[in-house]
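Heads up: the structure comes next, in structure tokens.
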Amino acid sequence: MSMKVAIYCRLSEEDKNKQSETDDSGSIQNQKSMLLQYAMNQGWEVYNIYSDDDYAGADRRRPEFNRLLKDAEQQKFNIILCKTQSRFTRELELVEKYIHGLFPIWGIRFISIVDNADTANKGNKKSRQINGLVNEWYLEDMSENIRSVLTSRRINGFHIGAFALYGYKKDPNQKGHLTIDEEAAAVVRKVFTLFSQGYGKTAIARMLNDRGIPNPTEYKRLQGLRYQQPKTKNSTLWKYFAISDMLTNEMYIGNMVQGKYGSVSYKTKQNKPRPKSEWYVVEGTHEPIIDRELWDRVQALISQKAKPFDTGTIGLFARKARCANCGYTMRSSQTRGKRYLKCSNHHVAKDACIGSFISVDKLERLVLDELNRLADEYLDIGELERNIEFCSNLLEQKARLLSDIAAYKKKIAEYSKGIQELYMDKVKGLISQSDYVEMSKEFTANRDRLERIIVDEQKQLSETEEKITAGSNRRELTSQYTNLKHLTREIVEILIDHISVGRRIPGTRDVPIEIHWNF
């Protein structure tokens with residue numbers, strides 16, 4: 001009876017790294033030629049050739065590998081022929097499961113011609129097991145080496161992902177560096193601004209969808225990137241969680257955040273979330289999209305966990321109004337389309353509190369009256385109209401300079417540490433004298449360049465602070481809020497720490513309030 005042989009080929013990681021894309025098929029062809037010649041010399045009939053191009057030996061998802069196993073179980077051939085045992089698998093577990101376990105049960109003979117593995121020869125079973133063990137060690141060592149390199153790059157603030165975060169793109173001139181993608185960055189700024197103004201996450205997602213703005217996944221696809229995620233219904237639309245994740249991502253303030261997920265094992269592609277304490281966070285690695293002031297305002301809103309109304313916006317005085325009697329935060333309620341604030345402690349227990357109560361409209365009018373009174377008393381409106389934008393720009397410029405200087409100082413410290421470590425490597429003989437000179441020269445040049453930049457920016461900072469000091473802090477904070485007709489959540493957030501609301505004075509409509517300003 002003629003013996004039927006199944007030939008299995010796989011392009012190894014070593015081949016992939018050493019050869020160009022066009023040579024990959026050549027490597028497979030060489031394996032096929034070698035194995036076909038061997039089968040012909042033995043007088044075997046070739047049933048089929050199974051070939052996995054561009055798959056690792058530890059990848060159990062290889063399509064042809066799994067098709068081979070399925071056909072083997074159905075006993076469509078008598079022999080499996082490979083170049084080496086490692087081309088079939090590098091996992092000792094699979095060696096034992098198939099080569100030494102199921103193949104004999106299925107009547108399948110396994111042969112690898114380079115390392116002389118042959119299940120028909122019972123004398124070399126130990127040799128096959130040793131090959132499997134060596135391959136297992138190879139996988140573990142390779143995984144550890146790759147992980148070590150990636151960890152080092154993460155610690156040093158290099159971006160190592162296949163795709164940049166929405167709002168950024170990979171710098172074509174500097175590996176591991178991100179630059180701003182202005183089109184997407186404009187959407188990111190819009191999301192942060194809307195949330196700071198009181199819009200809820202679902203409401204923001206709805207607004208973006210109404211305007212036909214593609215979500216991050218769809219945007220990458222439209223940019224020609226091969227970014228793939230499971231297709232679901234309405235997969236091109238913005239969702240609540242996309243907005244939620246964006247609002248807490250430090251990448252948008254210039255910090256590199258990586259390592260949120262880690263692999264379960266080198267034997268599987270499965271990842272699991274890592275605790276925040278194990279993330280790799282490096283500050284000041286790229287240009288921020290969101291300035292620190294807006295970021296801090298958004299984080300404060302998130303931490304307050306203020307409940308949004310059914311309109312999708314945060315209540316105007318959410319977490320700001322407090323009962324003057326017991327100090328509890330007042331809750332919002334709605335009656336006949338009108339919103340009210342009432343003491344949340346009043347109904348907890350009998351006689352717990354006298355119960356403060358006020359309509360949102362009335363409280364807004366009282367705050368506006370006081371704010372406009374302050375503006376009339378302390379501001380020169382004519383001067384304000386000439387300088388309001390100028391003052392706002394000065395504050396933004398100061399924040400930006402402080403952020404830049406802090407990032408530059410951190411980089412200088414890293415370069416200085418790098419120079420010290422290079423010297424120790426040279427002393428230990430890990431690097432040559434010429435390599436030490438070349439690398440330390442580059443580190444020193446970068447450090448000196450940043451030090452010169454810091455001197456210039458500190459000079460600009462001093463000049464900016466002098467201009468700011470020339471004006472009144474009260475004026476700076478209230479200048480942009482004169483002659484207002486209505487409040488916004490953003491204005492309330494910036495200007496008001498909290499408001500104490502008392503009980504209505506008997507016989508009148510007056511409700512005493514005390515505003516605690518942020519200035």
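The structure displayed is predicted, hence computed values, not measured ones.
By the neighbour-count criterion of 12 heavy atoms within 6.0 Å, atom NZ of K190 is sparsely surrounded, having that number or fewer from other residues, nucleotides or ligands. Within 6.0 Å of CD on E287 lie no more than 12 heavy atoms contributed by other residues, nucleotides or ligands. For Q299, the CD atom is densely surrounded, since the number of other residues' heavy atoms within 6.0 Å is greater than 12.
Rounding to the nearest 0.5 Å gives a distance of 5.5 Å between CD of E283 and NZ of K410. Annotation: the span from D291 atom CG to S403 atom OG amounts to 9.5 Å, rounded to 0.5 Å. Summarising the geometry, atom CD1 belonging to I513 is positioned 9.5 Å from atom OG belonging to S500; distances are rounded to the nearest 0.5 Å. Here the straight-line distance linking atom CG of L402 with atom CG of L461 works out to 5.0 Å at 0.5 Å rounding. One finds the CD1 atom of I496 at 6.0 Å from the CD1 atom of I515 (value rounded to the nearest 0.5 Å). Taken from NZ in K169 to CG in L178, the straight-line distance is 11.5 Å, to the nearest 0.5 Å.
In terms of modelled atom types and a separation under 3.5 Å, the side chain of D181 and the main chain of G167 share no donor-acceptor contact. Looking only at distances, a side-chain donor or acceptor of N209 sits under 3.5 Å from a matching main-chain atom of W238. At least one donor-acceptor pair under 3.5 Å links the side chain of S416 to the backbone N or O of I412. With hydrogens and angles disregarded, a donor-acceptor distance shorter than 3.5 Å links the side chain of T193 to the backbone of R189.
Between L341 and V501 there is no side-chain heavy-atom pair separated by less than 4.5 Å. Looking only at side-chain heavy atoms (C-beta outward), E364 and L487 come within less than 4.5 Å of each other. Looking only at side-chain heavy atoms (C-beta outward), L371 and W517 come within less than 4.5 Å of each other. Side-chain contact check for W295 versus E250: some heavy-atom pair is nearer than 4.5 Å. Y199 is listed as a side-chain neighbour of M207, based on a closest heavy-atom distance under 4.5 Å. Annotation: side chain of F317 is in contact with side chain of V367 (closest heavy-atom distance under 4.5 Å). Using a 4.5 Å heavy-atom threshold, the side chains of Y219 and V187 count as separate. At least one side-chain heavy atom of S196 sits less than 4.5 Å from a side-chain heavy atom of R297.
G284 and K411 get closest at one heavy-atom pair: O-CE, 4.2 Å. Across all non-hydrogen atoms, the minimal contact from S244 to K201 is OG-NZ, 3.5 Å. Shortest non-hydrogen contact noted between I204 and V191 is CD1-O, 3.8 Å. Between P288 and I180, the closest heavy-atom pair is O-CD1, 3.7 Å. Residues M330 and C323 share a closest heavy-atom pair of CG-N, 3.7 Å. Here the closest heavy-atom approach between residue K32 and residue I49 is recorded as CE-CG2, 3.9 Å.
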Task: Stepwise side-chain contact (heavy atoms from CB on, under 4.5 Å) check, M251 with H286 - done: CA-CA 8 Å; M251 293 279 284; H286 52 274; 4.2 Å; yes
Open item on the list: Working note: K417 + E414, criterion salt bridge (charged side-chain N to carboxylate O under 4.0 Å, His left out); need CA distance, chi angles, decisive distance, verdict.
Closed with: CA-CA 5 Å; K417 182 181 179 181; E414 292 174 358; over 6 Å; no
- [ ] Could you walk me through whether K220 and Q223 pass side-chain contact (heavy atoms from CB on, under 4.5 Å), step by step?
- [x] CA-CA 5 Å; K220 288 183 175 69; Q223 295 296 310; 5.6 Å; no
- [ ] Could you walk me through whether E514 and H516 pass the side-chain contact (heavy atoms from CB on, under 4.5 Å) test, one step at a time?
- [x] CA-CA 6 Å; E514 183 178 340; H516 296 257; 3.5 Å; yes
- [ ] For E64 and R67, run salt bridge (charged side-chain N to carboxylate O under 4.0 Å, His left out): C-alpha distance rounded to whole Å, both residues' side-chain angles, the deciding distance at 0.1 Å, then the answer.
- [x] CA-CA 5 Å; E64 289 294 278; R67 191 165 73 93; 3.0 Å; yes
Task: Residues T89, R62; criterion side-chain contact (heavy atoms from CB on, under 4.5 Å); working and verdict - done: CA-CA 10 Å; T89 182; R62 289 173 278 161; 4.2 Å; yes
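The aromatic rings of Y168 and Y252 lie parallel to each other, their planes meeting at an angle below 30°, with 60° marking the opposite boundary.
For Y8 and D52, the side-chain atoms include at least one donor-acceptor pair closer than 3.5 Å. A donor-acceptor pair shorter than 3.5 Å cannot be found between the side chains of Y166 and N249.
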